[in-house]
Amino acid sequence: MKNAAAAASTSINLIKSLRESDIRSVANCYAAQLQLCCPHSSTSYSLARCVHAHMITSGFRPRGHILNRLIDIYCKSSYLVYAHHLFDKIPEPDIVARTTMIAAYSAAGNPELAREIFRRTPLSVRDTVCYNAMITGYSHNNDGHAAIELFRDMKRDDFEPDNYTFTSILAALALIADQETHCQQLHCAVAKSGTGLVTSVVNALISVYVKCASSPLASSSLLMAAAKKLFDEMRVRDELSWTTIITGYVRNGDLDAARQVFDGMNEKLVVAWNAMISGYVHNCFVPEALEMFRKMHLSGIKHDEFTYTSVLSACANAGLFLHGKQVHAYILRMEKLSQDVSLSVNNALITLYWKCGKVDEARLIFSSMPTRDLVSWNAILSAYVNAGRINEARSFFTEMPERNVLTWTVMISGLAQNGFGEEGLKLFSQMKLEGLKPCDYAFAGAITSCAALAALEHGRQLHAQLVRFGFDSSLSAGNALITMYARCGVVEAAHCVFLTMPYVDSVSWNAMIAALGQHGHGAQALEHFEQMLKENILPDRITFLTVLSTCSHAGLVKQGRNYFNSMHKLYGISPGEDHYARLIDLLCRAGKISEAKDVVQTMPFEPGAPIWEALLSGCRIHGNMDVGIEAAERLFELMPQHDGTYILLSNMYANVGRWDSVAKVRKLMRDRGVKKEPGCSWVEVESSVHVFLVDDTVHPEVQAVYNYLEELGLKMRKLGYVPDTKYVLHDMESEQKEYALSTHSEKLAVAFGLLKLPLGATVRVFKNLRICGDCHNAFKFMSKVVAREIIVRDGKRFHHFRNGDCSCGNYW
DNA sequence: ATAGGGTTAG
């Protein structure tokens, strides 16, 4: 240490002893060496470090352009800390150094620091270039308004805007351009500035036209025509001019026009090819995209990573696994070593494989990658989440070196969709605690969590937050809200969301139809479906599942059958097993068991568990023992551990008093170690959820509930309520039976709600299993006695009890 | 020292 210090001081003395001209030649030597470092290259940083180290040890203090050059190289090699360190020590940094730092901080996504340096630059030192850098800084950080404000300041302070200024300010404008933006005025301003013939400025102007054209309320063809006119009249077109107009058409969905411009290019650049391909991909013209990919190869143009990623994502989204695999093989051939496949291409490959259902292959790609970035991690996380492999997804989430909003969003929606609502909500608040601003998709995930939990109050709070965050026109959040309100029992609120959404898609329609259907508004649900067709929204597989369920709930056999038949005939969707299961459910509920059996026999595939389940539950309702027993036997073969089959079968026996058979089924269940999912019901009071089990003794206030139920019972009997003991599924004395009925979890939850909720408020109770027949009857009387609406959701649907009646019309 | 185009994660 001592020696090093001594050496440095000798060196410093040596430098001090040099004459002025010697110092100049040393400086020239350093300058020449730094000139060798070309910015952005990986070696330039280490070379610059060497030269810098030499300066320090020899006691040479860099100033002026040498210092600026050092700072610039550090900035461009993203060693901003070193650059800032050097910059801070300059007593009066010149405008070049300041501008370098401003540009570097902006590029690093830190416009605040850039602004700070800009602000501390005295007006007398500033020039047009530093304004340009700051304007670009804002626009790179998506703050178009700040850029425009600075442009005004610039003119106020009498700085002359140049080509760069106009190009940058137009780019900033394109960020915030909408149908209100007056392109004509801008056009004039550019012409007046004298930069109207500069290629880069015209390109930027075209970009603004393009952006305005893609605003949903704009007359896009007019604006695009104006953009094309600008393009056609340009004196000098560069590569960018071509791609700008091509992507302009592409983004406005006019692929033919884009293709026409593309075909008119003499020398087609890789970028233009890529623009066309990604355009086809984003507008779902997959065959065209693949065709371009082939043409590119035939024209001898080398594909690059942009081409690969676009084409791979085309295959992924269209489910073209074999095409995707061929492209993968092609890439491996072209790149020789799999190590040479770029990061983004590998990321696209992960997505290709999982979207085609090959999660483990996706994992192989992920594991074999030499380097991974956040996109890779998010892609593999999505793979596991999407496959419902939540445990593995959880461990990826925990192990990730870095997370962003998307990471959290994927995990939250994954949890919500797989029934882990509580965990989803926990993650949502944790995300906010970590200082991340949730996007609308994250909100959608949290709202879906509330739907799974039937947590209405929490859901309402999220709705309010959503509006405060400015996401009230979000499609995904709106769709989640429809489902949440419907699943929480407030179908009116669901409808209100649907009506106030600025844009809706087939998911929104499906959610709304399902909402009405579940709540027993069968006719209205079908009206919505017809309206959807009228508005030219194509129904999908989910739509038909929903419509068939609706018909089944409402007993609309004829309509249901017609819709089923129209699926393939009118919309080219071949019914899957799930569709057949709903058709059979529809027929069975209506008592048409033999017709349902005919369907099973003529189906194009072997009946699986969903089909037999539909048959069994239909037979239980209508007491069709033979078919019911057959269905149960098939289900025992297919899924011996499923509790539902045993329950339905024993219920069927109990209904006809065959208690010996009931006992046999129960014994079979015990022998096979099958556990019945315990029935439970819950009700939300003042934002907390109260859960009740049958014969509950755990809830702290359960005694008050039993007392209240007894009191209610007296009044109900006066109106004619008689406990229907056929719903007690064990053989016991009739008094015991009445007692057993009175302790059902749904009765406890409803009574608790009546006691605790504000007078007159609707009680909303949720049950994990099907509601019991006696409870259903009791709630009708209860709604009359207390003159309040009672809503109960069971596993599948809602019952609205009001003034002695139920919305299901006793068809359930 | 400052500008503008094509890609991948829901």
Side-chain angles (χ1 to χ4, degrees), chain A residues 39 65 68-69 71-72 75-76 94-104 106-107 127-137 139-140 162-172 174 195 198-208 210 238-248 250 269-279 281-282 304-314 316 342-352 354-355 373-383 385-386 404-414 439-442 444-445 476:
Chain A
H65 72 277
N68 290 347
R69 177 74 184 165
I71 292 175
D72 191 35
C75 283
K76 298 224 164 80
D94 66 10
I95 192 62
V96 175
R98 290 173 197 264
T99 308
T100 306
M101 290 307 298
I102 290 169
S106 302
D127 62 4
T128 296
V129 179
C130 84
Y131 275 94
N132 292 348
M134 197 58 230
I135 289 172
T136 309
S139 99
H140 277 176
D162 63 6
N163 299 346
Y164 284 76
T165 320
F166 275 98
T167 313
S168 309
I169 200 66
L170 285 169
T195 57
V198 178
T199 304
S200 67
V201 176
V202 183
N203 288 346
L205 190 58
I206 293 175
S207 290
V208 179
V210 161
D238 63 7
E239 304 174 344
L240 252 161
S241 320
W242 287 91
T243 37
T244 306
I245 195 77
I246 291 174
T247 49
V250 158
L269 305 148
V270 181
V271 184
W273 283 96
N274 290 344
M276 275 316 298
I277 291 178
S278 84
V281 172
H282 284 124
D304 65 7
E305 57 176 305
F306 292 90
T307 331
Y308 292 147
T309 42
S310 287
V311 169
L312 287 172
S313 104
S342 80
L343 180 59
S344 53
V345 172
N346 272 318
N347 291 342
L349 281 169
I350 295 177
T351 307
L352 167 75
W354 80 252
K355 281 203 176 162
D373 66 359
L374 188 53
V375 177
S376 334
W377 281 94
N378 284 341
I380 197 72
L381 182 72
S382 308
V385 159
N386 204 271
N404 66 359
V405 173
L406 186 86
T407 319
W408 289 86
T409 306
V410 168
M411 197 64 214
I412 292 168
S413 0
C439 63
D440 58 336
Y441 284 95
S476 57

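- Atom pair A/Arg98:CZ and B/dA1:C1' shows a separation of 13 Å (rounding to whole Å applied).
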Under 3.5 Å, which donor-acceptor pairs do the side chains of residues 269-279 of chain A form with other protein atoms, sequence neighbours left out?
| from | atom 1 | to | atom 2 | distance (Å) |
| --- | --- | --- | --- | --- |
| A/Asn274 | OD1 | A/Thr307 | OG1 | 2.8 |
| A/Asn274 | ND2 | A/Asp304 | OD1 | 3.1 |
| A/Ser278 | OG | A/Ala275 | O | 3.4 |

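- Nucleic acid contact for A/Asp238: base, since at least one base atom lies under 4.0 Å from a heavy atom of the residue.
- With sequence neighbours left out, the ring pair (Phe, Tyr, Trp, His ring centres under 6.0 Å) criterion links A/Phe166 to no other residue.
- No engagement by A/Asn163 is indicated, since no non-hydrogen atom pair under 4.0 Å with the nucleic acid exists.
- B/dG4 atom P lies 16 Å from atom CG of A/Leu205, rounded to whole Å.
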| message | Checking A/Ser344 against A/Asn347 for the side chain to side chain donor-acceptor pair (under 3.5 Å) test, could you report, in this order, the C-alpha distance in whole Å, the side-chain angles of both residues, the deciding distance, and whether it holds? | response | CA-CA 5 Å; A/Ser344 53; A/Asn347 291 342; over 6 Å; no
Quick tally for nucleotides 5-10 of chain B: nucleotides whose base has a protein heavy atom under 4.0 Å get B, sugar-phosphate-only ones S, the rest -, giving BBBBBB
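- For A/Ser207, the side-chain contact (heavy atoms from CB on, under 4.5 Å) partners are A/Thr244, not counting sequence neighbours.
- To the nearest angstrom, P of B/dG4 lies 12 Å from CG of A/Leu170.
- Between the side chain of A/Thr99 and the base of B/dA1 there is at least one donor-acceptor pair of N/O atoms closer than 3.5 Å.
- A/Ser200 comes within 4.0 angstrom of a base, heavy atoms only.
- For A/Asn378, the side-chain contact (heavy atoms from CB on, under 4.5 Å) partners two or more places apart in sequence, or in a different chain, are A/Leu374, A/Met400, A/Asn404, A/Leu406, A/Thr407.
- Regarding A/His140, its NE2 atom lies at a distance of 11 Å from the P atom of B/dT2, rounded to whole Å.
- Applying the side-chain contact (heavy atoms from CB on, under 4.5 Å) rule to A/Ala174 yields the partners A/Val208, A/Lys211; only residues at least two apart in sequence or on another chain are considered.
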